[in-house]
Amino acid sequence: MSRVYNFSAGPSMLPEEVLKKAADEMMDYQGCGQSVMEMSHRSKVYQSIIDEAEAILRRLMNIPENYKVMFLQGGASTQFAAIPLNFMNGSGKADYIITGQWAKKAFAEAQKYGDAKAVASSADKTFSYIPKTNRSDFREDADYAYICMNNTIYGTVFKELPDTGDVPLIADISSCFLSEPIDVSKFAVIYGGAQKNVAPAGLTIVIAREDLLGNARDITPTMLDYKIHADNGSMYNTPPCYTIYICKLVLEWIEKLGGLEKMKERNEKKAKILYDFLDSSKMFRGTVVPEDRSLMNVPFVTDSEELNAKFIKEATELGFVNLKGHRTVGGMRASIYNAMPIEGVEKLVEFMKKFEAENA
Ligand SMILES: *Cc1c(COP(=O)(O)O)cnc(C)c1O
């Protein structure tokens, strides 16, 4: 069967080139007589894979020297607890902006460990916008402020970072990782699960300013202590070896395409095709205010549940899969991460036009 266009929010499409290379190297990685799946994480050959992955990531994201890169497990969701355990260590206060389910979950986890405060929220309008804040909304003595940069479920993104003054900013970038350039130095910590834009599931990348590490609470499980992982080069225990290898291939693919500036151009082009259509359609409409629209996740609806269901069914039959929206929003969502080719979006819009004409 030919490959489908997978619009899933995650795990999501990987570049075909990456899958082919992994297939080629499956039985015998570069003449070493074994698969990356089988080799010891303490071997020289594996060390070169993880080192290269980190080196390319540093180049692509322009990560400053004083930031540590960690390749971890547990998903983004595990970091919801690790973050307060590692960084809620001064006043015990942390300020969260609530922009959807993921921010809410992170906030709930932080409340277990200290004085977590929701300083702003867009819950009043089903998280269809990014709430405005200013410096005075954040407590000056907060240990950190927290945002979910790109809201996978609701399709919003912070185009401008909140002004938190001297309060260190921590961001979940799971669903916009490597989608465009980001100024790492503006953050204390950024992190994300890899299964949206970077690799298959099983890998979480944490990038943290070095001076903030080493003050985890006493009760912090060793495996959640970032300093332990940073000091051990992500090899305190067995890392997700194969997923890191695929991550390296994806990073090489991005570098070959021209880096994050090029990636941004590509992603803007793709998103524009879809948003332009949504803005002109009489049947479909986007659910997010135009100024906060994500380049990665595009939720949209018709005014009829019946039509939504019919659309999803027909789209699936044509090979446009996983277009069903999150249960809290309904309708549809097209996740158009880095690996989604432009033709995928063009063909989807072609089908949407046809569907609109046939069902008007
Ligand atoms: C998918 C996602 C998560 C959850 O990731 P897991 O790796 O499944 O824990 C958290 N935050 C955001 C923004 C996501 O998109």
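Order of appearance sets the numbers: ligands from 1, and atoms from 1 within every ligand. Hydrogens, waters and symmetry mates play no part in the numbers below; they use all other heavy atoms, side chains included.
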What is the ring orientation for F320 with F7, classed by angle as parallel under 30°, tilted 30 to 60°, or perpendicular over 60°?
-> tilted

In a table with atom names and distances, give each donor-acceptor pair under 3.5 Å that connects a side chain of residues 241-249 to protein atoms at least two apart or in another chain.
from	atom 1	to	atom 2	distance (Å)
Y245	OH	E25	OE1	2.6
K248	NZ	E252	OE2	3.0

Is L213 reachable from M223 through a run of I, L, V, M, F, W or Y residues, each pair having side-chain heavy atoms under 4.5 Å apart?
-> no

Ring centre gap for F87 and Y226 strictly below 6.0 Å = yes

Is K270 reaching over with its side chain to a backbone N or O of M340, donor-acceptor style, under 3.5 angstrom?
-> yes

E16/K20 ion pair, N-O < 4.0 Å | yes

Measure and list all N/O to N/O distances between ligand 1 and the protein that fall under 3.5 angstrom.
from	atom 1	to	atom 2	distance (Å)
ligand 1	7 (O)	A76	N	3.0
ligand 1	7 (O)	Q195	NE2	2.9
ligand 1	8 (O)	Q195	NE2	3.4
ligand 1	9 (O)	A76	N	3.2
ligand 1	9 (O)	S77	N	2.8
ligand 1	9 (O)	S77	OG	2.6
ligand 1	11 (N)	D172	OD2	2.6
ligand 1	15 (O)	T152	OG1	2.4
ligand 1	15 (O)	K196	NZ	2.5

